[in-house]
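Only one structure is covered here, and it is reproduced in the block below.
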Amino acid sequence: EAAVTQSPRNKVTVTGGNVTLSCRQTNSHNYMYWYRQDTGHGLRLIHYSYGAGNLQIGDVPDGYKATRTTQEDFFLLLELASPSQTSLYFCASSRQTNTEVFFGKGTRLTVV
Amino acid sequence: GEQVEQLPSILRVQEGSSASINCSYEDSASNYFPWYKQEPGENPKLIIDIRSNMERKQIQELIVLLDKKAKRFSLHITDTQPGDSAMYFCAASGEEGADRLTFGKGTQLIIQP
């Protein structure tokens with residue numbers, strides 16, 4: 001099974017703080033995604049990428065930056081964290097569009 | 001972009017009975033419809049998918065139906081078991097050339113003994 005590893009698994013930060021969430025996939029997948037999951041909203045796409053150096057804007061990008069440094073690594077950056085960004089964040093990858101998406105274990109972020 | 005509506009948000013069924021979750025989409029060009037299951041504290045995992053060249057697909061107790069005219073698709077779980085209790089998400093691929101899935105908001109399925 002495809003492996004997607006997220007770190008950290010849990011993070012608490014203060015309002016206005018700077019946070020970086022990391023994701024690595026080791027399956028040579030082209031596509032990588034960052035989602036947030038909130039009760040009543042399901043899975044919402046923040047940013048995604050189809051290759052190193054590429055970045056695409058998702059549905060809820062405000063307050064987030066992302067960077068795909070290599071085929072394997074995709075980072076989500078919150079430069080001025082706000083309590084509204086308290087959420088469960090999932091990184092995911094897929095070989096192509098319209099193929100199975102493999103999710104990481106998630107990062108629970110709390111902004112106090 | 002594509003919009004996907006998923007109902008119900010919560011579904012309680014008796015163990016051994018069937019459960020049905022319904023999704024609708026807007027973009028008639030959508031051609032790929034996966035279903036993901038998320039168990040408590042876990043990540044979502046693909047359980048079954050259907051493409052637009054099919055109307056029905058079954059994997060063991062899971063049945064997916066696709067009605068392209070009505071732009072609806074559904075997941076049916078027959079003979080539900082306690083292990084079926086989970087959050088379920090449907091998704092649609094969107095227009096030709098779209099490079100991401102759009103997920104529904106999820107259905108919390110609760111199997112009651």
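Sequence lines set the chain letters: A, B, ... in the order given, protein chains first and strands last, and positions in each chain run from 1. Not measured: the values here are computed from a predicted model.
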Legend entry - Short side-chain donor-acceptor distance under 3.5 Å, A/T99 and A/Y31: no
Legend entry - Pair A/K105 + B/E42: basic N to acidic O under 4.0 Å: yes
Legend entry - Any donor-acceptor N/O pair, A/N27 side chain to A/A3 backbone, under 3.5 Å: yes
Legend entry - Within 6.0 Å of CZ in B/R72, more than 12 heavy atoms from elsewhere: no
Inset, instruction - Answer with side chain, backbone, both or neither: which region of A/L45 has an atom nearer than 4.5 Å to a non-hydrogen atom of chain B? - result: side chain
Inset, instruction - May I ask you to name which of B/Y32, B/F89, B/F103 has the most heavy-atom pairs under 4.5 Å with chain A? - result: B/Y32
Legend entry - Greater than 12 external heavy atoms within 6.0 Å of A/Y50's OH: no
Inset, instruction - Tabulate, in ascending numerical order, the residues of residues 59-74 of chain A having at least one heavy atom closer than 4.5 Å to a heavy atom of chain B, or enter 'none'. - result: A/D59
Legend entry - Any donor-acceptor N/O pair, B/Q6 side chain to B/Y88 backbone, under 3.5 Å: yes
Legend entry - Per-residue contact mode, B/Y36 against chain A (heavy atom under 4.5 angstrom): side chain
Inset, instruction - Can you establish whether the number of heavy atoms outside B/Q112 located under 6.0 Å from its atom CD is more than 12? - result: yes
Inset, instruction - Check whether B/P34 gets within reach of chain A through its side chain, its backbone, both or neither, counting any heavy atom under 4.5 Å. - result: neither
Legend entry - A/F75/A/W34 aromatic ring centres below 6.0 Å: no
Inset, instruction - Quick one: which of B/P44, B/G106, B/S9 has the most heavy-atom pairs under 4.5 Å with chain A, could you say? - result: B/P44
Legend entry - Under 4.5 Å from any heavy atom of chain B - which part of A/Q37: side chain
Legend entry - Charged N-O contact under 4.0 Å between B/K71 and B/D27: no
